[in-house]
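Here the structure is a predicted model, which means the values were calculated and not measured. The figures that follow rest on heavy atoms only: side chains count, while hydrogens, waters and symmetry mates do not.
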Amino acid sequence: MSTLFNDTKIAFRSKSNKQLLQAYWLFRLMGFPELTKIGTYFIKTALKAPLGLKKVIKSTLYQQFCGGETLPECEKTMAELARFGVFSIPDYVAEGQETQQAFDQAMFQVLETIQMASRNSSIGFAVFKVTALGSAQVLSRKQAGLLLSDAEEQEWELIQKRVHHIISSAVEAGVRVMIDAEESWIQDVIDELAYSAMFLYNIDKAWVFNTCQMYRSDMPARLKKLKAMAVEKHFIPGVKLVRGAYLEKENKRAAQLNYQSPIWSTKKETDQAYDEALDYCFAQGIALCIGTHNEDSVETAIRLMKKNNVTSNNENYCFAQLFGMSDHITFNLAEQGYRAAKYLPFGPMKLSLPYLFRRANENKSVSGQSSRELELLKKELRRRKNS
Ligand SMILES: Cc1cc2nc3c(=O)[nH]c(=O)nc-3n(C[C@H](O)[C@H](O)[C@H](O)COP(=O)(O)OP(=O)(O)OC[C@H]3O[C@@H](n4cnc5c(N)ncnc54)[C@H](O)[C@@H]3O)c2cc1C
């Protein structure tokens, strides 16, 4: 492991011994693929599950990866992160919702985040998913160029209104806002919404950040297109760089519908594209949120900051990891003066299940993320025992 991140005392200083032990057992359990499969089945059916099971999920997965059911419930965690120089990006996670009421509710939650962020400097950004604000089906039909019914046209109008209401409120309140990336069959529509918002608002600085998933083989070209558009239309581009969370879903759909998957065929190609995108963004002055748990990419970013004379506290560049993961990166970065953040998911437990399901699956590979987390947790538990 890089010497930059190997100080586990700093990495886990916000965690009590009990919290460390709980995290240790959770990552151990997630390291058993069969158990994760069974757990995932239960998570998916937890709506109908008995109260006991819901309690178990709440005190394990939910507690590890979410800040609370409501924004005020997250305040304690946000204050704890701020104490160590880490800022929060509260993220309302309610996925798979389909009613107008739920879409409005999601918008109000993001607006509440913006209000809180305008008063609380430990909140770095507001963030939202477009599919939390409107039907994914309408977005998909729109991208496919299909004729929308009157009802669908109305829904599309509502989606645009909600997106613009959030972004204009954020800019008015002096709060930056990020738009999450989703599946490729709706992402063009999301990108268009983001580009038009950047054109409107990113004049004096990058208020709006769109997300680029570097596991997509067309993403280097799309990034260049964004830069060209920014030059032509005189706006400052802002980008959150991630690798991408929907790999299996993307590949499965491409195979089912018999088209070429938009995803690179190897992890190595994704890694290379990610690091080249970092290089490109720094060289081209694109404001960046570096969203990754990959230590090599974080080190590359730090090297590029130095090469491009970007100071560690430059407000146009920050690092972000998900709450409950890679504390060794976030807390050590903050300790060294970099702008480091945690994406802090919040929302009712039953609506957070798809998010938890993605985290459990991401951590199920024994050779992957969970083993990294486990090794660090073990090291810190041992250190505390001996000191
Ligand atoms: C702050 C933050 C915000 C995020 N926001 C979003 C978002 O808006 N949208 C989104 O989709 N995801 C988002 N993610 C999740 C992200 O896309 C990744 O799934 C996750 O961070 C794991 O990638 P990594 O860079 O941390 O590290 P690594 O563990 O090094 O990489 C794992 C990733 O590599 C890619 N990969 C794995 N195997 C292959 C393969 N065989 N071929 C090609 N590529 C492969 C996949 O993208 C996989 O997730 C976010 C993550 C963070 C930390």
Side-chain angles (χ1 to χ4, degrees), residues 91 95 97 100 103 106-107 110 125-171 176-203 205-242 244-246 249-250 253-254 259 262-263 277 280-281 284 286-289 291:
D91 176 21
E95 299 186 17
Q97 297 290 92
Q100 296 305 319
F103 297 144
M107 179 179 71
V110 186
F125 281 86
V127 63
F128 67 91
K129 269 196 169 49
V130 175
T131 53
L133 305 176
S135 153
Q137 201 191 332
V138 169
L139 296 172
S140 155
R141 287 178 59 82
K142 177 94 191 139
Q143 177 158 326
L146 298 172
L147 197 64
L148 300 187
S149 67
D150 287 350
E152 285 171 334
E153 277 294 353
Q154 264 178 20
E155 168 116 29
W156 169 233
E157 287 295 319
L158 279 173
I159 295 174
Q160 293 175 87
K161 272 192 188 151
R162 290 184 186 116
V163 168
H164 286 290
H165 187 30
I166 287 176
I167 295 177
S168 59
S169 305
V171 178
R176 289 179 154 190
V177 60
M178 287 199 281
I179 305 173
D180 277 349
E182 306 192 50
E183 292 88 349
S184 58
W185 50 95
I186 56 172
Q187 190 58 41
D188 289 358
V189 183
I190 297 173
D191 284 347
E192 286 308 321
L193 289 167
Y195 298 157
S196 61
M198 281 191 211
F199 172 63
L200 275 180
Y201 299 107
N202 287 10
I203 309 301
K205 71 175 193 178
W207 291 101
V208 183
F209 282 56
N210 194 30
T211 303
C212 290
Q213 297 159 312
M214 297 315 302
Y215 67 3
R216 286 185 58 163
S217 54
D218 61 352
M219 200 48 75
R222 290 167 83 99
L223 197 53
K224 287 194 180 118
K225 191 181 127 195
L226 168 63
K227 172 66 192 177
M229 204 189 316
V231 171
E232 188 196 329
K233 298 193 172 176
H234 308 289
F235 66 82
I236 302 166
V239 157
K240 170 171 54 124
L241 273 193
V242 299
Y246 307 97
K249 207 170 171 187
E250 291 280 357
R253 184 176 189 265
Y259 62 87
I263 312 298
Y280 181 78
C281 290
Q284 298 293 327
I286 297 176
L288 258 187
C289 172

Which atom pairs, one a donor and one an acceptor, fall under 3.5 Å between side chains of residues 226-237 and the rest of the protein, sequence neighbours left out?
from : atom 1 : to   : atom 2 : distance (Å)
K227 : NZ     : Q284 : O      : 3.1

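- With rounding to the nearest 0.5 Å, the separation of CG in L158 from NE2 in H165 is 12.5 Å.
- Annotation for Q100: atom CD counts as buried by contact number, over 12 foreign heavy atoms lying within 6.0 Å.
- For K142, there are no salt bridge (Lys or Arg N to Asp or Glu O under 4.0 Å) partners, not counting sequence neighbours.
- By the side-chain hydrogen bond (donor to acceptor under 3.5 Å, both in side chains) test, Q213 is found to be paired with no residue, residues two or more places apart in sequence or in another chain being considered.
- In terms of the side-chain hydrogen bond (donor to acceptor under 3.5 Å, both in side chains) criterion, residue partners of T211 (sequence neighbours excluded) are, by chain and number, K240.
- Every residue two or more places apart in sequence or in another chain that forms a side chain to side chain contact (heavy atoms under 4.5 Å, CB included) with L146 is listed here: R141, A144.
- The shortest non-hydrogen separation linking M198 to V208 is CG-O, 3.8 Å.
- You'll find the side chain of F128 reaches within 4.5 Å of the side chain of I179, heavy atoms only.
- Here the closest heavy-atom approach between residue A206 and residue G238 is recorded as CB-CA, 4.2 Å.
- In terms of heavy atoms, W156 sits closest to L193 at CH2-CD2, 4.0 Å.
- Pairs engaging residues 154-165 under the salt bridge (charged side-chain N to carboxylate O under 4.0 Å, His left out) rule: D104-R162 [sequence neighbours left out].
- Partners of N202 under the side-chain hydrogen bond (donor to acceptor under 3.5 Å, both in side chains) rule, at least two apart in sequence or in another chain, do not exist in this structure.
- Panel note: side chain E182, backbone K129; no donor-acceptor pair is recorded below 3.5 Å.
- Within the model, atoms OG of S135 and CD1 of I186 stand 9.5 Å from one another, a figure rounded to the nearest 0.5 Å.
- In this structure R253 satisfies the side chain to side chain contact (heavy atoms under 4.5 Å, CB included) test together with W185, L257, Y259, sequence neighbours excluded.
- Between atom CD1 of residue I263 and atom OG of residue S184 there is a gap of 6.5 Å, rounded to the nearest 0.5 Å.
- Judged by distance alone, the side chain of Q143 and the main-chain N or O of Q187 form a donor-acceptor pair under 3.5 Å.
- V130 is not listed as a side-chain neighbour of V189, based on a closest heavy-atom distance of 4.5 Å or more.
- Identified under the salt bridge (charged side-chain N to carboxylate O under 4.0 Å, His left out) test for residues 208-218, with sequence neighbours left out: R216-D218, D218-R222.
- With sequence neighbours excluded, the residues forming a side chain to side chain contact (heavy atoms under 4.5 Å, CB included) with C212 are M214, M219, L223, V239, L241, listed by chain and number.
- Here S196 pairs with H164 under the side chain to side chain contact (heavy atoms under 4.5 Å, CB included) rule; sequence neighbours left out.
- Applying the ring pair (Phe, Tyr, Trp, His ring centres under 6.0 Å) rule to F125 yields the partners F209; only residues at least two apart in sequence or on another chain are considered.
- Within the 4.5 Å cutoff, the side chain of F103 has no heavy atoms near those of the I159 side chain.
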